[in-house]
Amino acid sequence: MLYNFDSDRLPKVKRALLPLKFFLKTVSKEDFSQPIGVLAGIKGIEPVEEKYDGDGFNDEMIVMGGFTSAKIDALVRALNKNGIGKIALKAVITPTNMNWNSVELYKAVKADHDEMNKNN
């Protein structure tokens with residue numbers, strides 16, 4: 001799932017990942033209230049009725065479901081090879097976060113990223 005890629009970068013990301021045959025979904029801000037599992041099409045997780053109307057977040061983020069380490073490495077290589085550059089916020093869907101909404105996941109991923117990079 002792709003979050004907050006602008007109209008210039010989104011097509012570049014999609015082109016870079018097309019040869020890898022990943023299913024790509026762009027998540028719109030109005031869907032930020034949906035559980036991650038719903039957005040990823042995981043059975044057994046119920047959608048919520050309300051549309052998101054908050055500020056959300058603006059950072060680019062990629063959320064991956066069912067990815068092996070090799071697939072994650074291939075994704076990163078494809079982005080680098082195609083001049084996309086680094087996408088700082090990346091997450092893998094887990095049994096814990098599949099029930100979170102996009103903003104909750106973003107906050108956790110951002111906090112982890114900031115913690116890892118605070119000494120750099």
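Residue indices begin at 1 and follow the sequence shown.
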**Student:** To the nearest 0.5 Å, what is the distance between CG (N99) and CD1 (I36)?
**Tutor:**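 These two atoms lie 10.0 Å from each other.
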
**Student:** Ring pair (Phe, Tyr, Trp, His ring centres under 6.0 Å) with Y106: which residues, sequence neighbours excluded?
**Tutor:**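 Only F57 meet the ring pair (Phe, Tyr, Trp, His ring centres under 6.0 Å) criterion with Y106.
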
**Student:** Nearest 0.5 Å, what's the CZ-CZ distance between F22 and F67?
**Tutor:**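 These two atoms lie 4.0 Å from each other.
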
**Student:** Which residue in the set I72, D73, L79 passes side-chain contact (heavy atoms from CB on, under 4.5 Å) when paired with L75?
**Tutor:**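 The side-chain contact (heavy atoms from CB on, under 4.5 Å) with L75 is passed solely by L79 among I72, D73, L79.
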
**Student:** With heavy-atom distances below 4.5 Å as the criterion, would you say the side chains of M98 and I45 are in contact?
**Tutor:**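 In short, these two side chains touch, coming nearer than 4.5 Å.
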
**Student:** Given the rule that I, L, V, M, F, W and Y join up when any side-chain heavy atoms are under 4.5 Å apart, are V76 and Y3 in one cluster?
**Tutor:**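 The answer is no; the residues belong to distinct hydrophobic clusters.
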
**Student:** Please set out all donor-acceptor pairs under 3.5 angstrom arising from side-chain atoms of residues 81-89, sequence neighbours excluded.
**Tutor:**
unit_1	atom_1	unit_2	atom_2	d
N82	ND2	A78	O	2.8

**Student:** Supply the atom-to-atom distance M61 CE to L105 CG, rounded to the nearest 0.5 angstrom.
**Tutor:**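 The CE atom of M61 sits 4.5 Å away from the CG atom of L105.
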
**Student:** Are L39 and S102 close enough, and set up right, to give a side-chain contact (heavy atoms from CB on, under 4.5 Å), and what steps lead you there?
**Tutor:** CA-CA 9 Å; L39 297 173; S102 296; 3.6 Å; yes

**Student:** If you round to the nearest 0.5 Å, how far is CD of Q34 from CD of E46?
**Tutor:**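 Going from CD on E46 over to CD on Q34, the span is 10.5 Å.
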
**Student:** Any side chain to side chain donor-acceptor pair (under 3.5 Å) involving residues 5-19? Give me the pairs, sequence neighbours left out, ordered by first then second residue.
**Tutor:**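 Those involving residues 5-19 are R9-E60.
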
**Student:** Taking NZ, NE, NH1 and NH2 as the nitrogens, is one of them in E104 or K107 under 4.0 Å from a carboxylate oxygen of the other?
**Tutor:**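 Judged by the 4.0 Å cut-off on N to carboxylate O distance, E104 and K107 do not form a salt bridge.
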
**Student:** How many angstroms lie between CG in L2 and OG in S28, if you round to the nearest 0.5 Å?
**Tutor:**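 Spacing of CG (L2) from OG (S28) equals 12.5 Å.
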
**Student:** Would you say that T26 contacts M1 through its side chain, given a criterion of any heavy-atom pair below 4.5 Å between the two side chains?
**Tutor:**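 Counting from C-beta outward, T26 and M1 never come under 4.5 Å.
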
**Student:** Could you state the interatomic distance from CZ (F5) to CG (L24), rounded to the nearest 0.5 Å?
**Tutor:**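 One finds 10.0 Å between CZ of F5 and CG of L24.
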
**Student:** Answer yes when D114 and K110 have at least one side-chain N-carboxylate O distance shorter than 4.0 Å, and no when they do not.
**Tutor:**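 Yes, this pair counts.
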
